[in-house]
Structures are given as C-alpha cells and as structure tokens.
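Everything quoted here is computed from the prediction, not taken from an experiment.
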Amino acid sequence: MSEKRSSFSGKLGFVLATAGSAVGLGNIWRFPYLTAKYGGGIFLLVYFVLVITFGFALSCAEILIGRKTGKSAIEAFSTLNKKWSFVGWLAALVPVIILPYYSVIGGWIIKYLVAYSTGGAKAAADSNYFSNYMGQITQPIGWFLLFLALTAVVVLLGVEKGIEKVSKILMPALVILIIFIAIYTICMPGAIEGVKYYLVPDFSQFSATTVLGAMGQLFYSMSLAMGIMITYGSYMKKDVSVSSAVHQVEIFDTGIAFLAGLMVVPAVFAFSGAENINKGAGLMFMTLPKVFDKMPGGAIIGLLFFIMVLFAALTSSISLMETVVSFVCDRTKLNRKLACLLVFLLCIVLGIPSALGNGVTGVWDSVKLLGFSFLDFFDFISNSVLMPIVALLTCIFVGYVIKPKALIEEAELSGKFSGKRLFTIVIRYIAPICIVLILVFSVREALGYTKV
C-alpha cells in the first residue's frame with residue numbers, strides 16, 4: 001500500500017517552503033549581475049512589473065495543477081490528460097539534471113564557509129584560491145557529497161517535519177542576514193554611486209534585451225518549469241488561497257533578490273569598479289572575497305555572507321531533491337526512505353563529473369560535451385533548453401487543452417481568485433510568446449551568439 005500523501009501544515013508552511021525553493025543562488029549572484037549588465041534601475045523596474053504579471057500567472061498555473069491532482073508533475077499531467085503526460089516527464093527531467101551540479105556549487109559554498117570560519121579569509125581573497133581548489137579531486141568531491149547529504153537528511157524527514165520546519169528557520173534567518181549585510185554595504189565609502197546606479201532607472205538603457213533578461217531571471221528565480229511548484233502544490237491544503245500564497249512567495253523571492261543587489265552592486269562599485277561585476281562563480285567566489293578583505297571586519301562579514309548563501313542554496317536544493325523523490329514515490333510506490341536513497345545515489349553518479357569538470361580549472365575540463373564542460377553542459381541543457389520548453393508546453397496545456405477555467409475553479413475552492421482575468425490573458429497569449437523569445441535568447445547567449 002502506498003503511503004498517505006504528506007501536506008504542509010498550512011499557508012505559512014507552504015509560503016516559506018515555496019519561497020525557500022525560489023530563493024537560491026540565482027538571487028544572490030545572478031540577479032545582481034543581470035541588474036548591472038542591463039542598466040541597473042531600469043532592469044529593476046522591468047523585473048518588478050514582470051513579477052506581478054508573468055510570474056504570478058505561471059506560478060499559479062503550476063501550483064494549481066499540483067493541488068487539483070494531488071500528484072507530482074508526471075502523474076499530474078497524466079491525470080488531467082494522458083496524451084500530455086510527456087510534459088510531466090520533461091519537467092521531471094529538469095531537477096534530475098540540475099540537482100547534482102547545483103550540489104557541486106553548494107559544496108563550493110561550504111568550502112568558503114569553512115575557510116572563513118577557520119581564519120582563512122585572507123587566503124580566500126587570493127586570486128588563485130578558487131582555481132587551485134577547483135583543480136583538485138578529493139576536495140570538490142568531498143564538499144559536494146557533504147552538501148548533498150545535508151539536503152538528503154532534510155528531505156528524508158518529510159514535508160512537515162523536514163522541509164517545512166527547516167524552511168521556517170532558514171528563511172527568516174536568511175532575511176535577517178541579508179538585510180544586515182545590505183545596510184553595511186550601502187554605508188561603505190564610495191558605495192553611493194552603486195546605490196544610485198542600482199535604484200535610479202535610466203530609461204535610455206531600456207531595450208528589448210532588458211525585458212528578455214528580466215524575464216529569464218524571473219523564470220529561473222521562481223522555480224518554474226522544474227516540477228517543483230506542481231509538487232509543492234500537491235502538498236497544499238484546499239483551504240489555502242493560491243493567489244494570496246503566490247503573492248507572498250513573490251514578495252519573499254523578489255525582496256531577497258533586491259537586497260542581494262543592494263548588497264553586491266554598491267560593494268563592487270566601491271572596491272572593484274562596475275567592470276568587475278562578473279557572472280556566476282567569478283562574482284561570488286573571486287570578486288566578493290576581495291571586497292570582504294578590504295572591509296573593516298570583513299572576515300566576519302564574509303562568514304555571515306557565506307552562511308546566508310548556504311541557507312539559500314540549501315532551501316533550493318531541498319526543493320529539487322523533494323521533487324525528484326516525489327516523482328520516484330509516485331511512479332514506483334517505494335517508501336520515502338528508499339526513494340530518497342535512490343535519488344541520493346543517482347546524484348552522486350551524475351554530480352562527480354560536474355565536480356571534476358566545472359568549467360574553471362577542473363581536472364576533467366578537457367572533456368567536452370558540445371563544447372561545454374560537464375557542469376556548463378548540464379546547466380545549458382536544463383536552464384536554456386528544457387525549462388523554457390516545459391514552460392511553453394505548460395502554457396499551451398493550460399490555455400488550450402484543459403482551459404484556464406479548470407484551474408480557476410480549483411483556485412476558487414479556497415475563496416475568490418483575485419487576478420483570474422490576468423491569469424487567463426497571460427497564460428493564453430502573453431506567456432507563450434515571451435517564453436519562445438526567452439528560449440531563443442537563452443540558447444543564442446549560451447552558444448556565444450550574443451555579446452556578453
């Protein structure tokens with residue numbers, strides 16, 4: 001007999017767990033990088049507008065599919081229309097690909113956290129520290145396994161006792177830490193120019209690429225098209241207002257991304273210049289330790305920063321693993337412990353290539369897949385190809401197969417569904433066009449067709 005499906009205790013548990021899923025490494029380094037790249041304040045303004053339109057509709061659609069069926073993505077699509085079950089399989093594939101390499105990056109964070117907590121702040125600021133670490137074998141694999149094990153322990157504890165309980169601790173702690181560091185940052189000498197660039201919109205910087213960049217960030221930041229929102233929606237009780245919960249998740253996610261930008265952009269302006277706001281690892285693991293090294297009390301600030309980033313990374317990795325475990329449980333009827341063990345072992349097998357072929361100085365970087373290192377290849381396939389395709393198919397499915405009315409009726413089981421007209425218009429007409437543009441733009445950028 002299959003186990004009774006778990007559920008969140010209520011709205012607060014759902015909101016914090018879902019916000020924890022949405023808040024991750026993309027909020028901490030990707031958002032500040034894109035904000036700097038696409039014009040500062042104007043990017044921020046465009047992003048905020050898209051959050052309350054594009055992000056709201058897509059989040060509601062996925063959560064309502066999950067709540068209506070009480071299933072994870074594969075079974076949810078199959079339940080609603082067997083011919084469209086393939087969309088669930090594609091959605092299920094995304095977290096399977098992302099979780100292993102995401103855990104590798106999580107291992108990098110633990111490495112720096114340990115360095116800052118053991119008096120290694122000065123060493124971490126050295127230009128060769130990161131590349132020397134990446135060029136090893138045992139350390140990248142060891143820290144990757146530790147991060148993956150921490151994720152598995154929380155998932156093993158279940159929805160209410162594990163995911164919800166940890167999210168109720170980690171999310172408020174993350175907010176407190178990031179507010180503290182942001183305030184510290186904007187008070188530094190020379191940071192005010194970065195604050196102005198970040199907050200004041202310059203409409204001369206507005207372009208189509210600004211909108212596409214903001215849509216892409218929103219798309220990834222809100223954990224869309226990974227099966228996560230469908231899975232978490234399946235744990236949502238029928239008396240919880242979906243529209244209200246989604247708005248609160250958006251406030252958490254957008255607020256933390258905003259504070260991350262307020263923390264990072266002015267600091268790099270002050271110490272390194274705007275040209276040193278690099279993408280990904282270059283920002284978090286190379287530039288920022290140099291910033292901390294120049295700060296009064298920088299070793300403590302650096303320690304708090306990497307604690308905060310670890311919180312963000314863990315809440316996202318937990319949601320990724322939970323989604324995969326839910327798929328396995330639904331398809332095989334295995335109990336949660338066995339499903340978690342199988343997923344853990346699969347992640348080890350898929351994660352080791354990314355740990356050693358990381359696109360920096362990994363020992364397997366000479367092995368290429370379509371010209372990418374292992375980690376970059378998995379990132380490209382999941383983020384630039386599969387996720388936009390899954391989101392596009394989901395919009396078509398909701399907009400024209402089961403029709404928006406089916407999900408609106410589900411939403412109204414818990415009261416009035418505010419924004420249902422906006423939901424219908426975005427899902428049927430606006431989102432499909434936007435997602436096609438995101439797909440084309442992302443693939444072209446990843447393949448080097450656009451200037452970065």
Side-chain angles (χ1 to χ4, degrees), residues 16-17 19-32 98-121 124-125 129-130 133-134 139-157 162-163 165-182 184-185 221 223 252-253 256-257 259-260 263-264 280-281 283-289 291-292 298-322 344 347 351 354-355 358 375:
L16 289 175
S21 167
V23 174
L25 297 179
N27 299 71
I28 307 298
W29 56 255
R30 196 172 190 270
F31 184 84
I98 292 177
L99 178 58
Y101 80 78
Y102 195 95
S103 297
V104 169
I105 300 173
W108 300 352
I109 297 167
I110 295 178
K111 165 67 177 177
Y112 273 75
L113 175 57
V114 170
Y116 273 88
S117 62
T118 56
Y129 186 82
F130 186 62
Y133 164 63
M134 291 293 96
Q139 284 209 47
I141 292 177
W143 294 121
F144 150 64
L145 291 176
L146 177 58
F147 182 88
L148 186 62
L150 290 173
T151 302
V153 167
V154 176
V155 173
L156 194 59
L157 291 172
I163 299 167
K165 189 172 184 179
V166 170
S167 296
K168 283 181 176 179
I169 297 170
L170 293 189
M171 290 308 299
L174 174 61
V175 171
I176 292 169
L177 281 171
I178 202 168
I179 289 174
F180 171 75
I181 298 175
Y184 188 101
T185 298
S221 181
S223 295
F252 259 109
D253 182 66
I256 290 175
L259 289 170
M263 173 182 68
V264 174
L283 175 61
M284 182 178 297
F285 301 105
M286 294 180 184
T287 303
L288 283 181
V291 173
F292 296 141
I300 296 174
I301 300 300
L303 174 62
L304 292 175
F305 174 79
F306 281 105
I307 290 173
M308 178 191 68
V309 175
L310 180 61
F311 285 178
L314 273 174
T315 52
S316 291
S317 66
I318 288 165
S319 68
L320 287 165
M321 182 174 282
E322 171 60 27
F344 180 75
C347 288
S354 291
N358 50 62
L375 191 151

Inset, instruction - Measure from the side-chain N and O atoms of Asn27 to the backbone N and O of Asp253, and report whether any donor-acceptor pair falls under 3.5 Å. - result: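 It does hold such a pair.
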Inset, instruction - Indicate yes or no for a side-chain donor-acceptor contact from Ser316 to the backbone of Ala313 under 3.5 Å, with no hydrogens or angles considered. - result: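 No.
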Partners passing side chain to side chain contact (heavy atoms under 4.5 Å, CB included) against [X] (at least two apart in sequence or in another chain):
X: Ile301; answer: Phe180, Ile181, Tyr184, Phe292, Met295
X: Ala124; answer: Tyr112, Tyr116, Tyr129
X: Ile300; answer: Leu304
X: Ala299; answer: Ala121

Just how far is it from atom [atom1] of [X] to atom [atom2] of [Y], taken to the nearest 0.5 Å?
X: Ser319; Y: Leu314; atom1: OG; atom2: CG; answer: 11.0 Å
X: Leu259; Y: Thr185; atom1: CG; atom2: OG1; answer: 10.5 Å
X: Ile176; Y: Met308; atom1: CD1; atom2: CE; answer: 13.0 Å
X: Phe306; Y: Phe311; atom1: CZ; atom2: CZ; answer: 14.5 Å
X: Ile307; Y: Ile110; atom1: CD1; atom2: CD1; answer: 12.0 Å
X: Leu99; Y: Glu322; atom1: CG; atom2: CD; answer: 11.5 Å

Are the side chains of [Y] and [X] in contact, using a 4.5 Å heavy-atom criterion?
X: Met321; Y: Leu148; result: yes
X: Phe305; Y: Ile28; result: yes
X: Phe285; Y: Ile109; result: yes
X: Val104; Y: Phe147; result: no

Inset, instruction - Verify whether the ring centers belonging to Trp108 and Phe144 lie closer than 6.0 Å. - result: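 Trp108 vs Phe144: aromatic centres not under 6.0 Å.
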Legend entry - Shortest non-hydrogen contact between Met134 and Pro140, atoms and distance: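 Heavy atoms of Met134 and Pro140 come nearest at O-CG, 4.5 Å.
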Legend entry - Contacts of Tyr101 that satisfy side chain to side chain donor-acceptor pair (under 3.5 Å) - sequence neighbours left out: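 Per chain and number, Tyr101 pairs via side chain to side chain donor-acceptor pair (under 3.5 Å) with Asp379, Ser382, Asn383.
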Inset, instruction - May I have all residue pairs that pass side chain to side chain donor-acceptor pair (under 3.5 Å) and include part of residues 301-311, sequence neighbours excluded? - result: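 As it turns out, there is no side chain to side chain donor-acceptor pair (under 3.5 Å) pair with a partner in residues 301-311 once direct neighbours are skipped.
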